[in-house]
Amino acid sequence: MSARPFNFSAGPAALPEAVLQQAAAEMLDWHGSGMGVMEMSHRGKEFIQIYEQAEADFRELLAIPPEFKILFMQGGGLAENAIVPLNLSKGLAADFVVTGGWSQKSAKEAAKYCQARVIASNEATHFAELPAPTSWRLNPDAEYVHICSNETIHGIEFQQLPDLKALGCDAPLVIDFSSHVASRSVDWSRVGLAFGGAQKNLGPAGVTLVVVREDLLGHALSICPSAFDYQLVAKNDSMYNTPPTYGIYIAGLTFQWLKQQTEMTTVNGSPIELRGVAAMEVRNQAKAQLLYDYLDQSSVFESRVEPSARSRMNVPFFFNQALEAERGAALYEAFLKGAKTAGLLQLKGHKSLGGLRASLYNAMPLAGVQALIAYLQAFEKTGL
Ligand SMILES: *Cc1c(COP(=O)(O)O)cnc(C)c1O
């Protein structure tokens with residue numbers, strides 16, 4: 001296998017090596033067409049084939065029901081913070097559950113276009129736990145309810161999507177799944193719209209995936225830019241304007257890689273082979289468990305997130321409070337320098353939290369987590 005270092009970046013993040021190799025091999029000539037993918041018309045038969053395959057594979061991987069449209073857009077998660085209210089709010093009101101840096105940004109941006117109400121927040125507990133859905137102050141007149149299903153910075157994740165109907169709320173649920181898309185299955189019966197930038201778990205920055213239930217199309221505000229009107233984008237199969245063609249191609253290669261992934265599990269004592277996202281889910285669970293178990297038994301390193309809210313994808317961690325207070329900055333610097341030498345890249349925490357963060361997206365193999373733990377163990381013995 002590869003001699004490349006393990007890359008723990010939160011995003012843009014590591015891609016499967018097989019994807020990068022295939023892209024490299026096809027760079028000058030895609031499938032005998034005489035063209036690289038970047039050089040193709042988005043309306044030519046070659047690119048249409050790439051696009052249709054990518055869309056079909058994504059639908060299959062995430063078991064997206066037929067009543068949902070899949071849009072390949074541009075602008076990233078941050079643009080969707082505006083595009084969603086421009087399309088769904090009707091200029092009225094929407095409810096936001098604030099659980100970390102990203103949902104906080106979403107609520108703030110939406111307030112430009114509608115009344116954005118924070119109906120629950122974990123800010124008082126430093127974004128370290130999830131407010132129980134039964135405590136949310138859902139409003140009957142909300143056009144939609146927004147959550148960030150995996151908070152990339154604070155490392156907290158909904159292990160289950162809220163069932164708004166069971167809470168007496170008919171509004172569609174909007175999820176920002178940027179940083180855990182395709183890491184686990186999605187219960188589409190609970191979702192109206194999901195969006196995510198590709199650069200965490202699917203491909204390069206520049207593609208944004210939007211999965212939207214058809215009945216939510218066609219309500220854009222008149223000030224909504226045409227290129228961001230979901231109905232127009234859907235009607236034109238994401239080609240109302242030029243889509244991010246190369247990014248779609250790379251995401252498509254990642255989808256094919258995902259479809260080939262397998263893991264064994266046992267059901268009632270019999271071995272079962274899982275494929276695709278189901279396989280990733282088991283693998284991601286095992287990777288995260290290994291790291292959290294290590295952190296929990298360590299007297300030097302710690303996770304500060306309440307166990308039931310911990311993200312499988314993004315693991316912020318710190319030196320214990322005493323060490324941090326005594327010589328935090330120098331210790332983190334030494335840690336990161338040594339990590340780089342050990343072939344463990346981009347472990348620095350987000351600037352708003354400090355400390356360290358290991359992102360364990362789909363492309364991170366179990367061996368990468370094992371190598372990280374070996375380094376943590378060695379640092380405990382000889383780095384302090
Ligand atoms: C990275 C990220 C975003 C922002 O993506 P951009 O492409 O930078 O706009 C939004 N939401 C979440 C959860 C993210 O992880």
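Each ligand, and each atom within it, is numbered from 1 in the order the structure gives. Everything numeric in this text was worked out from a predicted model, so none of it was measured.
Here the heavy atom of the protein found nearest to atom 5 (O) of ligand 1 is G77 N, 3.4 Å. In terms of protein heavy atoms, atom 9 (O) of ligand 1 is closest to L78 N, 2.8 Å. Annotation: atom 14 (C) of ligand 1 to nearest protein heavy atom, K200 NZ, 2.9 Å. Here the heavy atom of the protein found nearest to atom 11 (N) of ligand 1 is D176 OD2, 2.7 Å.
The distance from ligand 1 to the heavy atoms of Q199 drops below 4.0 Å at these ligand atoms: 5 (O), 6 (P), 7 (O), 8 (O). For ligand 1, the atoms lying closer than 4.0 Å to a non-hydrogen atom of N150 are 13 (C). Ligand-side atoms of ligand 1 in range of T152: 12 (C), 13 (C), 14 (C), 15 (O), range being under 4.0 angstrom from any heavy atom. Short contacts between ligand 1 and C148, defined as distances under 4.0 Å to a heavy atom of the residue, involve ligand atoms 13 (C).
Within 6.0 Å of atom NZ in K259, more than 12 heavy atoms from other residues, nucleotides or ligands are found, so the atom counts as buried in its surroundings. Residue E333 qualifies as open at atom CD: its count of foreign heavy atoms under 6.0 Å is 12 or below. For H31, the NE2 atom is densely surrounded, since the number of other residues' heavy atoms within 6.0 Å is greater than 12. The 12-atom threshold is not exceeded at CD of Q160, counting heavy atoms of other residues, nucleotides or ligands nearer than 6.0 Å. Annotation for D187: atom CG counts as buried by contact number, over 12 foreign heavy atoms lying within 6.0 Å.
At least one heavy atom of S178 sits less than 4.0 Å from an atom of ligand 1. Under a 4.0 Å heavy-atom criterion, T208 is not in contact with ligand 1.
Each of R310, R184, R312 was compared with E157 under the salt bridge (Lys or Arg N to Asp or Glu O under 4.0 Å) criterion, and only R184 meets it.
Note on residues 163-188: pairs passing ring-ring contact (aromatic ring centres under 6.0 Å, His included), not counting sequence neighbours, are F68-W188.
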